[in-house]
A.B. asks: 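For reference, the structure I am asking about is given below.
Computed from a prediction, not measured in an experiment: that's the story for all the values here.
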Amino acid sequence: MWSWCKTSTEFSGRAVGDEAETPTARAVGIHLVHEGEEVNADTDENAAAERDLVRALAKQVDGVTLCAPRADDEQVSQLAGETELVTVFRRVAGIPAVTVDNADGTRQIVEHLAALGHRRLAGVGGPPASWSNRRRTAGLRAVTGRLGLELAEVGQFPPYYDGGVAAADLVLASGATAAVAYNDTMALGLLARLHARGVRIPGELSVVGIDGIPMAGMAYPALTTVQVPAQAVGRAAVDLMLDRLRDPEQPAAHRRELPVHLVVRDSTGSTPGSTSEKG
């Protein structure tokens, strides 16, 4: 049997904040059990706790699926030497991994905003230790540079609702007409703080998230987001782990990168006076 170990909110996928569950397992309709109990865990952004937990689980299970680990590459590689390991939303040399196409996701966001007339964007970053955060930031920089847009990076924040609330005032001070949040949960915090300050969304500022959590569609205004295929990611991670358990001698560095797509909702719109608004 193997275990799912969630280390961050990067795969909050089907939940917000402390209500996050284990979507890899649930996506394929299974529960990971050991001696009659589920073996699932959350280390809440703590890299040291993450390492300790994996080592503890390794004594009980045949393998661990590690979601968005915060430990550095060397430490993750050490853990892979102690148990069969599959990483999700993180790539480390020599370890099977499932990721999504962050570069294409950020391209879709920036091109969408550019088509609406936005020329200065605010990037609201997530945790510095997050592999996905680094990829998403690099994607924003690359596409805004290619299109001749300005990017104001307002900082790196905890990947929670409160992180988005904390970033909102900096976004307004940046002079941007659109903000791209590291994830949907932060984007919801942005919307709340902007609403409290009387900012019209999207009339004065457009907001985009990434993940596609259910709450994104229920927010007011409904949040434009990049949909991460949670079920497909879950199935791919389970498949990689099962392949490893069936044949430990096979090459370990098998990777799968899954596509994402933009879901346009009410939180993005044309900038005041832009050509796209007049048309």
Side-chain angles (χ1 to χ4, degrees), residues 8-17 19-21 23 27 67-68 88-89 99-116 118 121-127 130-133 135-140 143-144 151 154 157-165 167-168 171 176-195 199-203 205-234 257-270:
S8 77
T9 59
E10 275 187 49
F11 202 19
S12 55
R14 291 294 173 263
V16 176
E19 298 176 357
E21 55 180 35
C67 182
V88 176
F89 302 133
T99 59
V100 296
D101 194 343
N102 286 297
D104 189 59
T106 52
R107 176 195 63 78
Q108 293 178 54
I109 291 172
V110 175
E111 290 184 352
H112 167 63
L113 293 172
L116 292 172
H118 296 277
L121 313 183
V124 181
S130 165
W131 184 89
S132 292
N133 180 59
R135 294 301 181 275
R136 291 170 186 178
T137 299
L140 287 175
V143 184
T144 53
L151 176 64
V154 300
F157 300 86
Y160 310 120
Y161 182 91
D162 287 346
V165 172
V171 169
T177 60
V180 182
Y182 163 72
N183 66 16
D184 285 347
T185 309
M186 292 175 66
L188 295 178
L190 273 172
L191 290 177
R193 175 60 179 165
L194 294 169
H195 176 73
V199 178
R200 293 181 295 109
I201 308 296
L205 185 74
S206 290
V207 177
V208 184
I210 300 174
D211 272 347
I213 64 173
M215 282 296 296
M218 293 181 268
Y220 182 79
L223 181 66
T224 294
T225 184
V226 167
Q227 180 72 53
V228 171
Q231 290 192 342
V233 169
E257 182 177 77
L258 303 184
V260 296
H261 67 274
L262 184 70
V263 178
V264 178
R265 298 193 179 108
D266 297 336
S267 68
T268 51
S270 302

A.B. asks: Check whether any side-chain N or O of Glu257 sits under 3.5 Å from a backbone N or O of Thr99 as a donor-acceptor pair, and report yes or no.
C.D. replies: no
A.B. asks: If we ignore hydrogens and angles and just use 3.5 Å, is the side chain of Asn183 paired with the main-chain N or O of Thr185 as donor and acceptor?
C.D. replies: yes
A.B. asks: Counting only N and O atoms by type, is there a donor-acceptor contact under 3.5 Å from the side chain of Gln227 to the main-chain atoms of Ile210?
C.D. replies: no
A.B. asks: With no hydrogens and no angle check, do the side chains of Ser130 and Tyr182 hold a donor and an acceptor under 3.5 Å apart?
C.D. replies: yes
A.B. asks: In the structure I gave you, are the side-chain heavy atoms of His261 and Val226 within less than 4.5 Å of one another anywhere?
C.D. replies: no
A.B. asks: Go through it in stages, so that I can follow the logic: the residues are Thr106 and Asn102, the test is side chain to side chain contact (heavy atoms under 4.5 Å, CB included), and I'd like the CA-CA distance, side-chain angles, deciding distance and then a yes or no.
C.D. replies: CA-CA 6 Å; Thr106 52; Asn102 286 297; 5.6 Å; no
A.B. asks: Considering all heavy atoms of both residues, which atom of Ala122 and which atom of Leu151 are nearest to each other, and what is their separation?
C.D. replies: C-CD1, 4.4 Å
A.B. asks: Testing the 3.5 Å rule here: is there a donor-acceptor pair between the side chains of Thr268 and Thr224?
C.D. replies: yes
A.B. asks: What residues form a salt bridge (charged side-chain N to carboxylate O under 4.0 Å, His left out) with Asp104, not counting sequence neighbours?
C.D. replies: Arg107
A.B. asks: What I'd like to find out is whether the side chain of Val263 reaches to under 4.5 Å of the side chain of Arg265, using heavy atoms alone.
C.D. replies: yes
A.B. asks: Taking the side chain as every heavy atom from C-beta outward, state whether Val207 and Pro202 have any atom pair closer than 4.5 Å.
C.D. replies: no
A.B. asks: Got a donor-acceptor contact below 3.5 angstrom from the His118 side chain to the Gly269 backbone?
C.D. replies: yes
A.B. asks: Given Ile201, which partner from the list Leu194, Leu223, Asp266 fulfils the side-chain contact (heavy atoms from CB on, under 4.5 Å) test?
C.D. replies: Leu194
A.B. asks: What I'd like to find out is whether the side chain of Asp101 reaches to under 4.5 Å of the side chain of Pro259, using heavy atoms alone.
C.D. replies: no
A.B. asks: Contact between Pro127 and Pro159 at the side-chain level, heavy atoms closer than 4.5 Å - yes or no?
C.D. replies: yes
A.B. asks: What's the spacing between Arg193 CZ and Tyr161 OH if we round to 0.5 Å?
C.D. replies: 11.0 Å
A.B. asks: Which heavy atom in Gln108 sits nearest to a heavy atom in Val260, and how many Å separate them?
C.D. replies: NE2-O, 3.1 Å
A.B. asks: Would the distance check show the side chain of Thr177 and the main-chain N or O of Leu205 forming a donor-acceptor pair, the cut-off being under 3.5 Å?
C.D. replies: no
